[in-house]
Structures are given as C-alpha cells and as structure tokens.
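In what follows, a single structure is set out as structure tokens and then discussed.
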Amino acid sequence: MKVAVIGSGTMGTGIGQVFAQNGYEVYQVDFYTAQLEKSKDIMTKSLSKLHSKGLVDGSPEQILKSVTFTDNISQIHDADMVMEAVFEKLETKSDVLSRISDTVNDKAIIGSNTSSISINKLSKFVKNPERFLGVHFFNPVPIMKLVELVTSEKTDPSKLSDVKKILIGLGKDPVTSQDYPGFISNRILMPLIREAILVFEEHVSNAEDIDKTFRLGMNHPMGPLELADFIGLDVCQDIMEVLYTEYGDPRYKPPIALRNLVLSGKLGRKSGSGFYDYEVKK
Ligand code: CAA
C-alpha cells in the first residue's frame, strides 16, 4: 500500500515516518525543497533513536529507502491513501485538497491532519467526499499513540473503519469525534492553556510554578505553558480563534499575553522563546 503525505513540517514528517517504519511505501511531499531536506534529517534522527532502542525494524537507511521525498505532487497519482498536513489555514488546505483530488484515483482515502478546521467545510474541496475524514495525529507523532478521527456528514463509515484498522496496525490507538470545533482534544486542551495564560498574565504565579503544578500535581508530562510553547503559540492562537469564532464563547478567546508573544515573533520552542527562553534554558 502506498501512502502520500502532503506537507513535511513537524507533523507531516512524523506521519510519513510512522507509515514508513511500518512497511508502507511513502511519498513525502513538500512544495519547498529546503523543507524536504529538513524532513529527511528529522526522520533520520528520530528513526536512529527508535532503532537504538529496538523499537523499529531496520536501520534508518533501510527504512528511508521506502520514502520518496518530492516537491512534485503529480508523483502521488498511485497512492492508496493521502494525508494532508499543510499549514492550518483554510485557503492552503482547500487548495491542497483540490490538488490531491485531481491527482489520485477516486477510491484513494484522503485524510486531513487539521486540528481545528471543520471536516464538513474541508470536504467540499474533495472529489468523492465519502472517502475523506479528519485524521488528527499528536506531536511527537512517532511517540504519541493517540489519533483523533473526525467524520463529515458524507464520510462513508466503511472508510472510517478502514482507517482505524490501518492506524491500529501502526501501533496507534484512535478515538472518534463528531465534527464540532476543536473535536475532543483541543476543545478541552485550549481552555486549559488559555486559563494558564490568564493566571500568568494576572501574576497569580510565574510560568515555572504554573507548569510545576500540572507536572507534579496532576502528573502531566508538561505543564500547560510548556505545552503551549511545544505546540507553537501561533498554532494555539489560531485554534483558539477558530473555537472562539465558531462557539462565540469567551472561554475560548485568545488572551492578550498570547497575542503579544505571537506578534513579537515569540512562537515557543520553534522560535527559541515563548513563555520560556530555550536558548537559555536548554
Ligand atoms: N522520535 C523518537 N523519539 C523521541 C521523539 C521523536 N520525535 N521525541 C521524543 N523522543 C524520545 C526521546 O528520545 C526520549 O527517549 P529516552 O527516554 O529513551 O531518552 C523520550 O522520547 C522522552 O523524551 P525527552 O527525554 O526528550 O523528554 P520528555 O521525557 O519530556 O518527553 C515528550 C518528551 C514525549 C514530548 C513528553 O514531554 C510529552 O509527552 N509531552 C506532552 C506532549 C503532548 O501533549 N503532545 C500533544 C500536543 S497537542 C497536539 O499535538 C495536537 C494539537 O492539535 C495541538
């Protein structure tokens, strides 16, 4: 079975990797060649870690033989399943989904890794939308077992069960959600992160103690501010905006402190600072 992943950022790379390490042939696509280089590098490092612990069969070199890194989307024409993992912007996703639909055969399963955009809305850009659904992975994809599956009104239930079986074969443990903004995960996670930012903004406590409360008091692997930095503050803001717009409920409104960090380019780990300064901390 051939799988294509469109978009080779952190999520797309992780998704391509888990398929490759489980024996699938993978087309790893990005429209920027420099990003494809980064993607190969990230995959190689992750596979080396997993291989050294005996968690994957085959060396990174052997596994990477099954991955075709390409900036040419027409190469994916014979893919049986396509995962869209481009920027979390409706215009970008809709354009890419139309291009995928024009390229692959009518039966190929098409999944979107969106974390907040409506699957019903995205399904309008897919030919034969009964084969389309949300397949939302979690970062770091090679480590996190959860995948959130989201159906549109048009998704064929047999496609949902096909995807579930594929994911279980990858060692993932999926949950299903209706197409409500934020699905299960972000509808619950974003208000937690938002409230933590308000506690920080109101000087109730400092970032370290807010996070420590959740690490030591609730056994979360990361506190909510560390997690926001890990996800990306711009991504958190985008998701909160979607939730706030769709539900019209102030409990999802992006806090001013978050907006200011994003405006100043402090996007969390990926930019070197956010609630924490990574160049100093690590
Ligand atoms: N590939 C392979 N191995 C990896 C890896 C990767 N990409 N990332 C981490 N690891 C390994 C590390 O090598 C390490 O292995 P050892 O214990 O053998 O040394 C192990 O995982 C733990 O990593 P670290 O020691 O670096 O740090 P840690 O113990 O803090 O774990 C973490 C890192 C797994 C990310 C952990 O902190 C964690 O689970 N954090 C929460 C992550 C989370 O909530 N993710 C979901 C975000 S929400 C989302 O993605 C969706 C959305 O829509 C916003």
Side-chain angles (χ1 to χ4, degrees), residues 7-22 38-56 59-60 63-64 83-89 93 111-119 134-150 170-175 177 180-194 196 211-212 214-216 218-243 252 254 258 267-270 274-276 278 281-282:
S8 300
T10 308
M11 298 304 287
T13 298
I15 295 167
Q17 179 188 322
V18 282
F19 277 104
Q21 74 194 39
N22 284 284
K38 276 192 201 165
S39 173
K40 193 171 184 179
D41 196 41
I42 293 169
M43 242 190 236
T44 307
K45 286 190 181 128
S46 175
L47 287 169
S48 304
K49 278 187 197 169
L50 297 173
H51 182 59
S52 68
K53 295 178 203 165
L55 295 174
V56 291
S59 66
I63 293 169
L64 284 168
M83 276 298 310
E84 169 281 303
V86 298
F87 293 117
E88 191 70 3
K89 297 280 175 223
K93 288 199 182 280
S112 171
N113 186 52
T114 182
S115 47
S116 59
I117 301 174
S118 160
I119 298 302
V135 185
H136 182 208
F137 287 82
F138 290 76
N139 185 22
V141 179
I143 301 287
M144 306 300 278
K145 285 181 85 73
L146 187 71
V147 180
E148 201 170 32
L149 295 173
V150 187
L170 299 179
K172 300 297 179 196
D173 200 345
V175 291
S177 170
Y180 271 65
F183 317 131
I184 305 170
S185 57
N186 282 321
R187 180 166 173 180
I188 299 171
L189 177 61
M190 288 302 149
L192 168 66
I193 289 177
R194 175 180 181 270
D211 283 332
K212 193 170 163 184
F214 280 82
R215 268 189 278 104
L216 303 189
M218 288 89 188
N219 253 358
H220 290 198
M222 287 175 170
L225 300 176
E226 285 176 285
L227 183 56
D229 272 357
F230 182 68
I231 293 169
L233 300 184
D234 51 339
V235 176
C236 291
Q237 180 173 261
D238 286 347
I239 299 172
M240 285 182 208
E241 289 288 4
V242 170
L243 292 168
Y252 301 114
L258 176 64
L267 307 180
R269 275 203 196 189
K270 63 186 168 189
F275 289 102
Y276 295 94
Y278 294 91
K281 200 183 172 200
K282 297 248 158 170

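Keep in mind that this is a model prediction, so the values were computed, not measured. Counting convention: from 1, in listed order, for ligands and their atoms alike.
No more than 12 heavy-atom neighbours from other residues, nucleotides or ligands sit within 6.0 angstrom of NZ on Lys40.
The pair Arg269-Glu226 does not count as a salt bridge, with every side-chain nitrogen at least 4.0 angstrom from each carboxylate oxygen.
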List, pair by pair, the atoms of ligand 1 and of the protein that are both N or O and lie under 3.5 Å apart, giving the separation rounded to 0.1 Å.
unit_1	atom_1	unit_2	atom_2	d
ligand 1	1 (N)	Ser46	OG	2.7
ligand 1	15 (O)	Lys53	NZ	2.8
ligand 1	18 (O)	Lys53	NZ	2.8
ligand 1	45 (N)	Asn139	O	2.7
ligand 1	50 (O)	Asn139	N	3.0
ligand 1	53 (O)	His136	NE2	2.9
ligand 1	53 (O)	Asn186	ND2	2.9

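Glu148 is linked by a salt bridge (charged side-chain N to carboxylate O under 4.0 Å, His left out) to nothing, counting only residues two or more places apart in sequence or in another chain.
Using a 30° and 60° split on the angle between ring planes, Phe214 and His220 fall in the tilted class, from 30° to 60°.
Scanning both residues, Thr13 and Gly9, for their nearest heavy atoms gives OG1-O, 2.7 Å.
Shown are Leu243, Val235, Val242, Asn186; of these, the side chain to side chain contact (heavy atoms under 4.5 Å, CB included) with Ser116 is made only by Val242.
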